[in-house]
Amino acid sequence: MLLLGNEAIVRGALEAGVGFVTTYPGTPASEIGDAFAEIAPDAGIYFEYSVNEKVALEMAAAAAVSGVRALCAMKHVGLNVAADAFMSLAYTGVRAGLVIVSADDPSMHSSQNEQDNRYYAKLANIPMLEPADPQEALEMVRHAFELSEKLELPVLLRTTTRVNHTRGIVKIGELPKTFTKAARFVKEPSRFVVVPAVARQRHKVLIERMGQARQLSEDSPFHMIIGKAQELGIVSSGVAFNYALDAVEELDLTKRIGILKIGMTNPLPCTLCEAFLLSSERILVVEELEPYLENELKVIVADLGIHREILGKGSGHFPQLYEFTPDRVKRAIAELMGIAVEKPVAQTLPPLPARPPQLCAGCPHRATYYALKLALGDEFKNTIFTTDIGCYTLGLLPPLEMADYLLCMGSSIGTANGFTRATDQRVVALVGDSTFFHAGIPALTNAVHGQHKFLLVILDNRTTAMTGHQPHPGLEFSVTGHVPAVAIEDVLQGCGVRSIHILDPAGLQEAVDVFKEALQESKEEIAVVISRHPCVLLRSGG
Amino acid sequence: MRARLYMVGVGGQGTLTAARVLGEAALAADLNVIISEVHGMAQRGGVVETAILIGQVHSPLIGDGEADVLMGFEPLETLRALSKASRHTWVITNTKPIIPSTVKLGQGQYPDLREILSRIRSSAGSVIALNAEDLAQQAGALIAANMVMLGALVATEQLPFPGEHVRDAITRLSPRYAAINLKAFELGKAYVIQHQEEPDDGWDRIRAGRASQAA
Ligand code: SF4
């Protein structure tokens, strides 16, 4: 069967009998939630798009400590949002299996950074598996539930875009007859309420569990040694392993190079690594982003008291930037082995016009931006636009050029708080509806209470458009059907905002007038305009 | 045996669907296949790149100069992706431009089509240039241009499996539009076969063997 990596993850969870799934959409993880949204109601699995990753993880944790196998999927930066829960969850541990999927995005195809979330597993002290392809993703998810239950710890499945969004042939297994989505929570406050006295105990338990995990890692079915390390040993994990494999085959080095592929990358299988390190004088570590394995191996070498050349990022053979390509890996290996590889003819192209993604024709955001620009008039140049994450971030591009600062989800409002106090410039914050719910509300209350004066524009297109039109709390439906909507205007009122305007950007003149009024009011106190018009790609009714 | 196909186009041109068809066809032919897609902001008119690797291969990506076939659904994007091609590469390019927004805003100029084609010809092995939209229109639907491109691909005989598998996959993946899609596919294929002996139409670099075989 041809499956996308994300579909393979879903299948693996289904085969493991997952009963509870939560997520907040984010590329490259979105298809995991979208697949569950389709199948969960029929399969009898509980699924929801939660308001943000932290809530998603907290829900999944509750399910897992109640005895329901749970999966929580998010993009890499989502784990930053969930990190607070994530860290303590390692202390309380779980009863039924809990698998957390972190989809990293080397090269930042659709992200604000390319952080390497393998360090999160180390930071929290939880086991981690890293699949190299869709087949392994399926098997690892299935296995991760077992592992999680054996250790009573959540397990991190760390993927990258080229696993999530690679379609490959996948052998699937059997599905269970039924899925359990409800259970009973058995109280155990001495474990689950992490006041300092409990946390001290639980940290000890965690360290012990990770000791057991080390042993399990030695026997993990996801490590592989290919060939025998003679002149060079390669250590690799994740998608980079495939590039190493192809390079060694293509360069006809299968008899001269051995490869250690590590599938469970926290904790590392130290004995296995030691044996491999002893088999060759030179080791090349082929991994994307941070020198995670590389530094671990250097520690092992130091502990062994032997001398080994550990090559990789430190030696300059690979960059710490961006995803790898097969030719880059091949060149590095060839160079180390003294093989001349044909360089591709350098293409000298004239400068070509760029083709950045665009707001769709008829996108309501365009109209909102245009009206706001008109309303600002001469003040446009002296205005700081703090923006946020969504289609509307494209307001950065000409001819709009209305984006000056962006950090992360919800940062438009938080940074607007700061700009109003640190400068005497006019500040306009731009945030989408889904992002507002995700991370905007605390910053809004901060603005009201701190009397920070700026204009907040909520671009309410009635969906989470950029990631594929998932629902959010502002809508009267969810994957389970009709639900009460949380109206943004009610939230604003509840937070104490007094200047609240709602407009439809389709009516230009009216929109300009409303913006003008709100801009005036924002000189005295925070003013909010909800610019409401559905995304044009939204199918009618949902 | 392996084939590395690199597809580029603009969001909305149906490159992902074309890749899916090839994936299913390879699967039916009992061959290993890996397709790497980038999802995300593509729906809003950015560049879409897809790598399709068939046969004995593990990497989901294609490096510089490594493509056996470069399929460009838009001429400027074919040119931009030229680093994937080398002297052994077949390039199949649509000739119908989609003008990027930046050009409309006066930031840069859309290169002359003849210039684009001559640059492609000077670095690639064989080049096929066709107006896929025209042929798709003839088949009955502009959006079937991706099927025209698949037809052209099959005509190059660069796939390690028979074209029948592609036809079957087209029918299987969307039975409702199969008639139009297959017609577009056949038009693309026929176009390539017919134009093999007319160097002026983009065939000046066709392999000698292929040309005589068609005659
Ligand atoms: S998907 Fe919707 S919100 Fe996003 S650019 Fe297109 S119309 Fe605008």
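Residue numbers start from 1 in every chain, and the chains themselves are labelled A, B, ... in the order their sequence lines are given, proteins ahead of strands.
- Of the two parts of A:Leu397, neither the backbone nor the side chain holds a non-hydrogen atom closer than 4.5 Å to a non-hydrogen atom of chain B.
- Within a 6.0 Å sphere centred on OH of B:Tyr110, heavy atoms belonging to other residues, nucleotides or ligands number more than 12.
- Across B:Gln109, B:Arg20, B:Glu66, the residue that shares the most heavy-atom pairs under 4.5 angstrom with chain A is B:Arg20.
- Annotation: side chain of B:Leu79 is in contact with side chain of A:Leu352 (closest heavy-atom distance under 4.5 Å).
- For A:Glu38, the CD atom sits in a loose shell: 12 or fewer heavy atoms of surrounding residues, nucleotides or ligands are nearer than 6.0 Å.
- Only the side chain of B:Pro111 comes within less than 4.5 Å of a heavy atom of chain A; its backbone N, CA, C and O stay farther away.
- Of the listed residues (B:Val103, B:Asp64, B:Leu53), the greatest number of heavy-atom pairs within a distance under 4.5 Å of chain A belongs to B:Asp64.
- For chain A, no part of B:Ser86 is nearby; none of its heavy atoms comes within less than 4.5 Å.
- By the 6.0 Å contact criterion, CG on A:Leu396 is enclosed, its count of non-hydrogen atoms from other residues, nucleotides or ligands being greater than 12.
- One finds the CG atom of A:Leu349 at 6.0 Å from the CG atom of B:Leu82 (value rounded to the nearest 0.5 Å).
- For chain A, no part of B:Ile52 is nearby; none of its heavy atoms comes within less than 4.5 Å.
- In this structure, CZ on A:Arg162 lies 10.0 Å from CD on B:Glu37, to the nearest 0.5 angstrom.
- Both the backbone and the side chain of B:Arg80 come within less than 4.5 Å of a heavy atom of chain A.
- In this structure, OG in B:Ser36 is found 12.0 Å from CG in A:Asn164, a value given to the nearest 0.5 Å.
- Side-chain polar atoms of B:Ser59 and A:Asn242 form no donor-acceptor pair below 3.5 angstrom.
- Heavy atoms closer than 4.5 Å to chain A are found nowhere in B:Ala51, neither backbone nor side chain.
- With hydrogens and angles ignored, the 3.5 Å screen pairs a side-chain donor or acceptor of A:Arg355 with a backbone N or O of B:Ile98.
- Environment of CE in A:Met108: crowded, with over 12 heavy atoms of neighbouring residues, nucleotides or ligands closer than 6.0 Å.
- Contact tally against chain A (heavy-atom pairs below 4.5 Å) for B:Glu115, B:Gln56, B:Gln107, B:Glu77: the top residue is B:Glu77.
- Heavy atoms closer than 4.5 Å to chain A are found in both the backbone and the side chain of B:Glu24.
- Comparing B:Ala19, B:Ser83, B:Gly65 by how many heavy-atom pairs each has under 4.5 Å with chain A, the most go to B:Ser83.
- Only the side chain of B:Glu74 comes within less than 4.5 Å of a heavy atom in chain A; its backbone stays farther off.
- A salt bridge links A:Glu250 to B:Arg4: one of the charged nitrogens lies within less than 4.0 Å of a carboxylate oxygen.
- With respect to chain B, the highest number of heavy-atom pairs below 4.5 Å among A:Gly168, A:Pro399, A:Ala240 belongs to A:Pro399.
- Residues A:Pro353 and B:Leu76 are in side-chain contact: their nearest non-hydrogen atoms beyond the backbone lie under 4.5 Å apart.
- A:Phe241 does not touch chain B: none of its heavy atoms, backbone or side chain, sits under 4.5 Å away.
- From B:Leu61, atom CG reaches atom CZ of A:Phe324 across 12.0 Å, with rounding to the nearest 0.5 Å.
- Side-chain atoms of A:Asp246 come within 3.5 Å of backbone atoms of B:His58 as a donor-acceptor pair (strictly under, hydrogens ignored).
- Taking chain B as the reference chain and counting heavy-atom pairs below 4.5 Å, the highest number among A:Ala354, A:Ser30, A:Pro28 is found for A:Ala354.
- Of the atoms belonging to B:Leu105, it is side-chain heavy atoms, and not backbone ones, that fall under 4.5 Å from chain A.
- Interface summary for chain B: among A:Val239, A:Asp133, A:Thr325, A:Leu2, the most heavy-atom pairs under 4.5 angstrom belong to A:Leu2.
- Contacts between A:Ser107 and chain B at a heavy-atom distance below 4.5 Å are absent for every atom of the residue.
- Taking all atoms of both residues into account, the shortest heavy-atom contact from A:Ile169 to B:Leu31 is CD1-O, 3.3 Å.
- For B:Ile116, no part sits under 4.5 Å from any heavy atom of chain A, backbone or side chain.
- At a threshold of 4.5 Å between non-hydrogen side-chain atoms, the residues A:His165 and B:Pro60 do not count as touching.
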